Amino acid sequence: QVQLVESGGGLVQPGGSLRLSCAASRSIFTFNAMGWYRQAPGKQRELVATLTKGGSTHYADSVKGRATISRDNAENTVYLQMKSLKPEDTAVYYCNAAMGIYVTTNYWGQGTQVTVSS
């Protein structure tokens with residue numbers, strides 16, 4: 001059974017930095033891609049960053065230049081490093097893993113709260 005566990009969220013001042021972690025219960029190479037999404041109250045869940053099995057990355061325009069997605073294969077963990085945080089970054093951040101060939105199955109973590117406020 002696939003399990004994703006996020007950690008690293010918390011309260012940070014504007015301009016600060018955070019590193020979020022997503023630990024998977026199996027090798028991350030069993031997934032086609034992994035990524036980070038976020039959702040603020042009353043808003044739709046939106047893409048933040050993705051990382052494919054082959055190492056390609058993609059970032060939403062809203063975080064490009066401020067976010068870095070990376071992985072530690074030995075620890076089955078994907079990270080999201082964010083800097084120059086803004087109040088608009090406040091949201092619950094979710095780890096995502098996609099698996100499948102012709103039909104893709106998405107797995108989600110429980111989420112970790114990030115609050116950017118002075």
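Fair warning: this is a prediction, and the values are worked out from it, not measured in the lab.
The two atoms that bring Ser118 and Pro14 nearest to each other are N-CD, 3.7 Å, heavy atoms only. Between Ser84 and Ser17, the shortest heavy-atom contact is N-OG, 4.4 Å. The heavy-atom pair separating Thr90 from Ala40 by the smallest distance is O-CB, 3.8 Å. Contact between Ala24 and Leu4 at its shortest, heavy atoms only, is CB-CD2, 3.8 Å.
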- Query: Can Val78 and Ile69 be said to form a side-chain contact (heavy atoms from CB on, under 4.5 Å), step by step?
  - Reply: CA-CA 7 Å; Val78 173; Ile69 187 169; 3.8 Å; yes
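Looking at heavy atoms from C-beta onward, Asn73 lies in side-chain contact with Ile28 at the 4.5 angstrom threshold. Side-chain contact check for Met82 versus Val63: some heavy-atom pair is nearer than 4.5 Å. Counting only heavy atoms from C-beta outward, the side chains of Arg38 and Ser62 approach each other to under 4.5 Å. At least one side-chain heavy atom of Val2 sits under 4.5 Å from a side-chain heavy atom of Arg26. At a threshold of 4.5 Å between non-hydrogen side-chain atoms, the residues Gln110 and Val5 count as touching. By the 4.5 Å heavy-atom criterion applied to side chains, Arg66 and Asp89 are counted as neighbours. Using a 4.5 Å heavy-atom threshold, the side chains of Tyr79 and Thr68 count as separate.
Residues Leu47 and Val92 share a hydrophobic cluster, clusters being chains of Ile/Leu/Val/Met/Phe/Trp/Tyr side chains in contact below 4.5 Å. Taken together through direct or relayed side-chain contacts under 4.5 Å among Ile, Leu, Val, Met, Phe, Trp and Tyr, Leu85 and Tyr59 form part of one hydrophobic cluster. Transitive grouping of hydrophobic side chains (ILVMFWY, heavy atoms separated by less than 4.5 Å) keeps Tyr94 and Met34 in distinct clusters.
A donor-acceptor pair is defined here as one N or O able to donate and one able to accept, closer than 3.5 Å; no such pair exists between the side chain of Thr57 and the backbone of Leu51. Looking at Ser25, its side chain does come within 3.5 Å of a backbone N or O of Gln1 through a donor-acceptor pair. Distance alone, capped at 3.5 Å, places no donor-acceptor pair between the Glu6 side chain and the Cys22 backbone.
Counted within 6.0 Å of NZ on Lys53, heavy atoms from surrounding residues, nucleotides or ligands total more than 12; the atom is thus considered enclosed.
Put simply, the residue from Trp36, Tyr37, Tyr107, Phe31 that forms a side chain to side chain contact (heavy atoms under 4.5 Å, CB included) with Asn96 is Tyr37.
To the nearest 0.5 Å, atom NZ of residue Lys83 and atom CG of residue Leu18 are 14.0 Å apart.
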